[in-house]
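To keep things clear, I will list the structure first and then write my remarks on it.
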Amino acid sequence: MLRRERQALTLLTLPVLAAACLTGCGGPARDGYAAAGAVAPGPERRAGDNVAPRAPVEFQQLAGSPSATTSTSAGTPGSQSPAASARSGATTTPPGTTPPPQPPPEASPSTPAPGTTPAPKPGTTPPATPARLTLSPPTRAPAADRWCEKVTVGFTNTGTTATRSGTVSFATHIIGALGIDWATITTTQPLPTPVPGGTTKTQTYTVCVESWRVPLGMHIETRSTTATWT
């Protein structure tokens, strides 16, 4: 009689235990989820026992809990594991980083840079260029007579060939007492030859005009020079 009462009491408590396990049998809810599934069958499942369920357990989201988030791992379709990347030879850049800049291609030694003149090969002589003189502005200084003055000119030969001969011409202005330019007289003198290529030679000349052209109170000014050479 007592055994039948125990069996009846067990049958009455099993539904209550099953309903309790739906919400808290397997411990506290995990991240807004509760375990749901079959409980251990038969009378061996007693109150207070911690027996693992035999059927699969799934987690269901509780009402009002926040939504779950999903992250992509290395095994997600469309991604490639580091080992596979190493085998395929692909280079990966970590997210949020900038790939290092690539060095510029080296210029070929046989191709000169734009706007430059290639240097002559060792052991060769560059071709000769003709003489070309560039004159500096004349520098004037007073002389003993008012119809004369000392004029200094610099001659720069930008060629590679030396000048052999030539002349320099002086344009001398006759200035009156009130600053009026009355006349311009041109005189010539020889160049200080030779002027080697790539050098500068400076010469001081005494430039004069006829004395009667410069009365008392007037003076001369040599303002420009030109040169011819061979």
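Both backbone and side-chain heavy atoms feed into the values below; hydrogens, waters and symmetry mates do not. What you are looking at is a predicted structure, and each value in this text was computed from that prediction instead of being measured.
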**Request:** Looking only at non-hydrogen atoms, find the nearest pair between P192 and Q203 and report the distance.
**Result:** CB-OE1, 3.8 Å

**Verdict with reasoning, T202 to T152, per side chain to side chain contact (heavy atoms under 4.5 Å, CB included)** = CA-CA 7 Å; T202 302; T152 302; 3.5 Å; yes

**Asked** Does W147 belong to the same Ile/Leu/Val/Met/Phe/Trp/Tyr cluster as I185, with side-chain heavy atoms less than 4.5 Å apart forming each link?
**Response** yes

**Item:** Shortest non-hydrogen contact from T161 toward A128
**Value:** OG1-CB, 4.4 Å

**Request:** Go through F155 and N157 one step at a time and tell me if the side chain to side chain contact (heavy atoms under 4.5 Å, CB included) criterion holds.
**Result:** CA-CA 7 Å; F155 303 90; N157 186 356; over 6 Å; no

**Asked** Can you name the nearest heavy-atom pair linking A162 to P196, along with the distance?
**Response** CB-CA, 3.7 Å

**Prompt:** OG of S224 to CG of L135: how many Å apart, nearest 0.5 Å?
**Reply:** 10.5 Å

**Asked** What pair of heavy atoms forms the shortest contact from T230 to S165, and how long is it?
**Response** OG1-OG, 2.7 Å

**Request:** Kindly compute the distance separating CH2 (W229) from CZ (R132), expressed to the nearest 0.5 Å.
**Result:** 6.5 Å

**Residues L191, L133; criterion side chain to side chain contact (heavy atoms under 4.5 Å, CB included); working and verdict** = CA-CA 11 Å; L191 286 175; L133 291 182; 3.8 Å; yes

**Prompt:** Do you know which of P137, P138, S169 makes side chain to side chain contact (heavy atoms under 4.5 Å, CB included) with T225?
**Reply:** P138

Report all side-chain donor-acceptor pairs from residues 211-221 shorter than 3.5 Å, counting only partners two or more places apart or in another chain.
unit_1: R213; atom_1: NE; unit_2: E210; atom_2: OE1; d: 2.9
unit_1: H219; atom_1: NE2; unit_2: E221; atom_2: OE2; d: 3.1
unit_1: E221; atom_1: OE1; unit_2: R223; atom_2: NE; d: 3.1
unit_1: E221; atom_1: OE1; unit_2: R223; atom_2: NH2; d: 2.9

**Message:** side chain to side chain donor-acceptor pair (under 3.5 Å), that's the test. Do T129 and T160 meet it? Break it down for me.
**Reply:** CA-CA 5 Å; T129 57; T160 59; 3.1 Å; yes

**Item:** Over all atoms of both residues, closest heavy-atom pair of H173 and D181
**Value:** ND1-OD2, 2.7 Å

**Request:** For side chain to side chain donor-acceptor pair (under 3.5 Å), just list the numbers for T172 and T222, CA-CA rounded to whole Å, side-chain angles, deciding distance to a tenth of an Å, and then say yes or no.
**Result:** CA-CA 4 Å; T172 304; T222 302; 3.0 Å; yes

**Asked** Should the heavy atoms of other residues, nucleotides or ligands under 6.0 Å from NZ of K150 be counted, would the total exceed 12?
**Response** no

**Item:** Closest heavy-atom pair and its distance - C148, T206
**Value:** CB-CG2, 4.5 Å

**Request:** Could you pull out all residues at least two apart from F170 that satisfy ring-ring contact (aromatic ring centres under 6.0 Å, His included)?
**Result:** Y205

**Item:** Modelled atom types, side-chain donor and acceptor of T156 and T134, under 3.5 Å
**Value:** no

